[in-house]
Amino acid sequence: MAELFTLPVLVGILYSGIRLATPYLFAAVGETFAQRSGVLNLGVEGIMLMGAFSGFYVGMKTGSPLLGLLAAAVVGILMGLLMSFISVTMQAEQGISGIGLHLFGLGLSSLLFKTTMGGVESIEGFKAVRIPLLADIPYVGESLFNHNVLVYAAFLLVPLSAWVLNKTTLGLKIRAVGQNPQAADTLGVNVARVRYFCVCLGGMLAGIAGASLSIALINLFQENMTNGMGFIAVALVYFGGWRPFGVMGGALLFSFVNAFQLWIQVKGINIPSDFAIMMPYVLTILALAFATKRAQGPAALSKPYERGEN
Amino acid sequence: MTRYLSTGRPILEEMRMQGIVKRFPGVLANDHVDFDVRAGEVHALLGENGAGKSTLMRQLYGMYKPDEGQILVDGKEMHFNSPQDAINAGIGMIHQHFMLVPSLTVVENIALGLKSSRGLVLDLDRVEKRVLELSEQYGLKVDPRAYVWQLAVGEQQRIEIIKALYRGASLLVLDEPTAVLTPQEVDDLFVTFKRMASEGHALIFISHKLNEVLAISNRITVLRDGKNAGTRPNENVTKVELAQMMVGRPVILQYNRPPVEAGPVRLRIQDLHVRGDRGKDAVDGVSLEICGGEILGLAGVSGNGQRELAEALAGMRPVRQGHIILNDKEVTNGSPLQHIDVGQSYIPEERMKEGAIRDFSVADNMILADHGKKPYSRRSFLDFNAIHEKVGKIVSDFNVKTPSLDTPVKNLSGGNIQKLILGRELSRCPSVLIASQPTRGVDIGASEYIHQRLLEQRLCGTATLLISEDLDEIRALSDRIAVMYEGRIIGIVDSKDATPDQLGLMMAGVETA
Ligand SMILES: Nc1ncnc2c1ncn2[C@@H]1O[C@H](COP(=O)(O)OP(=O)(O)OP(=O)(O)O)[C@@H](O)[C@H]1O
Ligand SMILES: [Mg+2]
């Protein structure tokens with residue numbers, strides 16, 4: 001055990017923890033917007049897969065990761081539109097439609113993968129950008145400031161989202177629509193439009209989250225490569241109390257434990273690897289059990305809105 | 001020439017609705033209604049629960065589209081597709097159920113949906129300044145930074161009005177704004193309404209309380225079954241006439257309460273302490289005894305612990321100290337079901353939230369507590385014929401207006417949901433009844449019926465705790481009157497000897513007895 005607490009290992013855990021948090025941050029912050037507006041989108045995982053595939057495919061064909069990212073964002077928005085149409089316009093049960101959306105994304109991304117590529121390939125992807133001076137800080141500098149742009153973007157997204165939610169007119173509308181859509185409606189706020197916007201924004205960020213795996217972190221595409229990350233992202237929204245910074249705390253905790261268990265395996269420490277892999281998930285369940293008591297979610301979460309009820 | 005309000009907005013001189021028809025599945029809610037209001041007047045709109053008052057006003061506010069008819073503002077025909085269109089035309093509405101977001105602050109609630117002077121970024125400091133100006137100008141006291149969930153209903157009501165004024169409303173629709181207020185708060189609100197009218201606002205005022213309607217309005221229109229049953233100037237009508245216009249038959253406004261032999265003590269409360277939502281003792285050492293055949297009226301300004309007391313008595317709020325004894329059985333901190341099993345019924349104050357399941361049908365809501373018992377259930381199977389028969393009877397006894405027993409409760413008018421819950425609880429023949437504000441928001445026809453049912457139950461030996469802020473109601477029905485102040489019973493008087501002045505003083509915390 002002691003060999004885990006050497007300086008290089010700790011620096012390594014810091015480095016991979018930050019990297020691993022990236023897809024969770026994109027997806028969970030996006031889901032935070034959807035849920036704050038009152039829509040529970042359980043299809044995040046499916047959108048991530050579609051984002052991962054389209055990002056990879058376009059990136060590979062054009063040789064430009066940036067175009068790949070753009071494609072993933074557009075595909076994410078389209079999936080978000082689909083979810084909004086089903087849950088906001090058609091007022092379907094949101095939990096079920098989200099699961100449907102997930103299965104749709106899972107199936108379609110696998111199908112497209114098989115018909116267009118068939119085998120695993122890899123690409124260049126986004127390269128690390130070392131930030132001068134900051135990266136020279138002893139010990140932690142390299143771990144924190146030598147990443148690809150998506151990692152930085154994910155962390156910048158957090159304060160930006162908190163600002164949008166708390167300080168802008170749009171954010172006020174989002175918060176109101178998720179708590180009491182009827183009240184917002186009587187003040188002339190277009191409830192459906194706010195929800196469409198938030199779900200599509202969430203979709204876009206989930207698409208980018210998927211692409212961050214396939215064109216920035218792992219640089220390849222495999223069937224079902226997200227392997228539950230989208231669902232963890234939904235859990236992180238609850239864990240974070242529907243606040244971007246809370247969500248970031250959860251994402252970091254989860255990815256550090258994950259990085260830790262990876263190093264356990266790398267170092268060949270005598271713990272069955274299945275146990276090690278379980279650690280972050282067990283932690284999530286425990287944390288959720290304790291966290292949900294604390295925070296109150298949006299009162300209208302997962303309730304479709306129809307004008308004119310008493 | 002255009003006249004202006006002190007808020008700087010042009011005065012809306014006249015609004016006219018002509019031949020308005022609105023249908024819902026199975027209901028003709030408005031049937032060729034003509035209605036108009038002018039600047040500077042208060043026009044009251046009366047009618048039984050389900051008469052179509054809120055529906056008419058929601059069309060004026062752009063929430064529903066009329067199936068037929070026209071809405072004219074200053075002579076111009078308007079087509080409102082959403083509340084925003086109505087707001088732009090200078091119309092504001094205070095809804096029957098508060099339209100506030102509890103998790104937001106007062107200014108945030110007011111700023112919601114408004115353009116900001118800083119573009120995308122909120123300008124809450126400026127909104128706050130303007131709110132304080134309006135609050136000063138119209139005598140509507142509010143704390144702009146408080147969270148709405150922390151506020152009492154009176155203050156929430158004032159926020160609703162400021163919200164409309166802030167948006168430049170010149171015509172204001174007030175859908176039962178006084179239903180949840182104390183007499184003192186109603187007086188204050190009327191001062192504000194008068195000020196607004198004299199300045200050139202046009203006000204439409206909906207209420208079930210005839211005293212209030214006669215006190216504030218210039219003209220009065222009665223709706224019955226969706227039709228306009230007549231518009232009268234205030235000077236030419238009496239309470240009795242209005243009541244008859246609404247209900248279509250003479251209504252008793254005075255009750256007689258024959259003496260009853262007091263039975264055994266059925267509800268005994270001993271030194272009860274109950275925590276409120278903010279962690280302090282909201283009920284702070286209450287002891288009471290109510291006998292069979294007795295109605296004990298509990299008066300008091302709202303927020304003095306009545307709600308917490310009622311909830312504790314229903315088994316819905318933990319008791320910190322003390323005892324509740326029902327029919328000689330200790331039920332302190334027992335579940336609601338245990339209370340029901342000992343023969344208690346409970347009519348909650350927040351009937352919309354606690355009393356009904358919005359998406360369930362009328363019939364399902366009626367059997368919530370008793371679905372496992374005869375005649376509703378036989379060998380664990382629900383007997384739908386028996387359910388429809390029993391529920392149908394309650395619905396017709398209580399005059400609940402509903403298209404069918406399978407209609408979801410959320411489609412009923414506000415007052416009809418109330419009647420439904422009252423019907424359910426009163427039809428269970430309880431030996432102890434806790435009734436919180438039983439006639440709040442209920443029309444006079446139904447109030448009369450509820451009052452008579454309460455008096456009937458008294459004759460057959462029910463012990464009733466009647467919690468109400470309506471002193472007339474308390475005095476008309478109770479044998480004894482207890483006044484609650486800051487979590488304690490400040491005094492108990494015999495209702496024969498109680499004068500309104502004495503009760504008013506006690507409600508303000510002065511011990512007189
Ligand atoms: N959204 C709706 N869907 C179906 N029926 C409705 C709807 N809204 C109202 N109704 C019906 O229309 C009728 C008129 O209801 P409305 O709410 O206008 O009554 P009201 O006069 O305001 O009564 P109250 O005094 O109880 O508030 C009622 O029979 C009600 O059940
Ligand atoms: Mg109404």
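Within every chain, numbering begins at 1; the chains are lettered A, B, ... in the order of the sequence lines, protein sequences first and strands thereafter.
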Could you check A:Leu172 against B:Leu104 for side chain to side chain contact (heavy atoms under 4.5 Å, CB included), going step by step and ending with a plain yes or no? CA-CA 9 Å; A:Leu172 182 58; B:Leu104 300 183; 3.7 Å; yes
Evaluate A:Thr169 against B:Lys115 for side chain to side chain contact (heavy atoms under 4.5 Å, CB included), listing each step before the verdict. CA-CA 8 Å; A:Thr169 52; B:Lys115 286 216 163 50; over 6 Å; no
Can you list the steps and then say if B:Glu108 with A:Arg175 is a side chain to side chain contact (heavy atoms under 4.5 Å, CB included)? CA-CA 10 Å; B:Glu108 284 178 326; A:Arg175 286 182 285 150; 3.2 Å; yes
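Chain A forms more heavy-atom pairs under 4.5 Å with one residue of B:Ala164, B:Ser103, B:Ser116 than with any other, namely B:Ser103. Most heavy-atom pairs under 4.5 Å with chain B: of the set A:Leu170, A:Leu187, A:Val189, A:Asn180, this distinction falls to A:Leu187.
Residue contact with chain A, scored on non-hydrogen atoms closer than 4.5 Å, involves the backbone of B:Asn81 exclusively. When heavy atoms are compared at a cutoff of 4.5 Å, B:Asn109 approaches chain A solely by way of its backbone atoms N, CA, C and O. Neither the backbone nor the side chain of B:Arg118 comes within less than 4.5 Å of any heavy atom in chain A. Contacts between A:Asn166 and chain B at a heavy-atom distance below 4.5 Å involve the backbone alone (N, CA, C, O). Only the backbone of B:Leu100 comes within less than 4.5 Å of a heavy atom in chain A; its side chain stays farther off. Of the two parts of B:Leu124, neither the backbone nor the side chain holds a non-hydrogen atom closer than 4.5 Å to a non-hydrogen atom of chain A.
Considering all non-hydrogen atoms of both residues, A:Lys173 and B:Leu112 come closest at CA-CD1, 3.7 Å. Looking at every heavy atom in both residues, B:Pro83 comes nearest to A:Gly188 through CB-N, 4.3 Å.
With a 6.0 Å radius and a threshold of 12 heavy atoms from other residues, nucleotides or ligands, A:Lys167 has its NZ atom at or below the threshold. More than 12 heavy atoms of other residues, nucleotides or ligands shown are found within 6.0 angstrom of CZ on A:Phe231. Environment of CZ in B:Phe360: sparse, with no more than 12 heavy atoms of neighbouring residues, nucleotides or ligands closer than 6.0 Å. Dense packing is recorded around CZ of B:Phe98, with more than 12 heavy atoms of other residues, nucleotides or ligands lying under 6.0 Å away. Crowding of A:Leu134 atom CG: a count of heavy atoms from other residues, nucleotides or ligands under 6.0 Å exceeding 12. Within 6.0 Å of atom CZ in B:Arg130, more than 12 heavy atoms from other residues, nucleotides or ligands are found, so the atom counts as buried in its surroundings.
For the side chain to side chain contact (heavy atoms under 4.5 Å, CB included) criterion with A:Thr186, the lone passing option out of B:His95, B:Arg58, B:Gln84 is B:His95.
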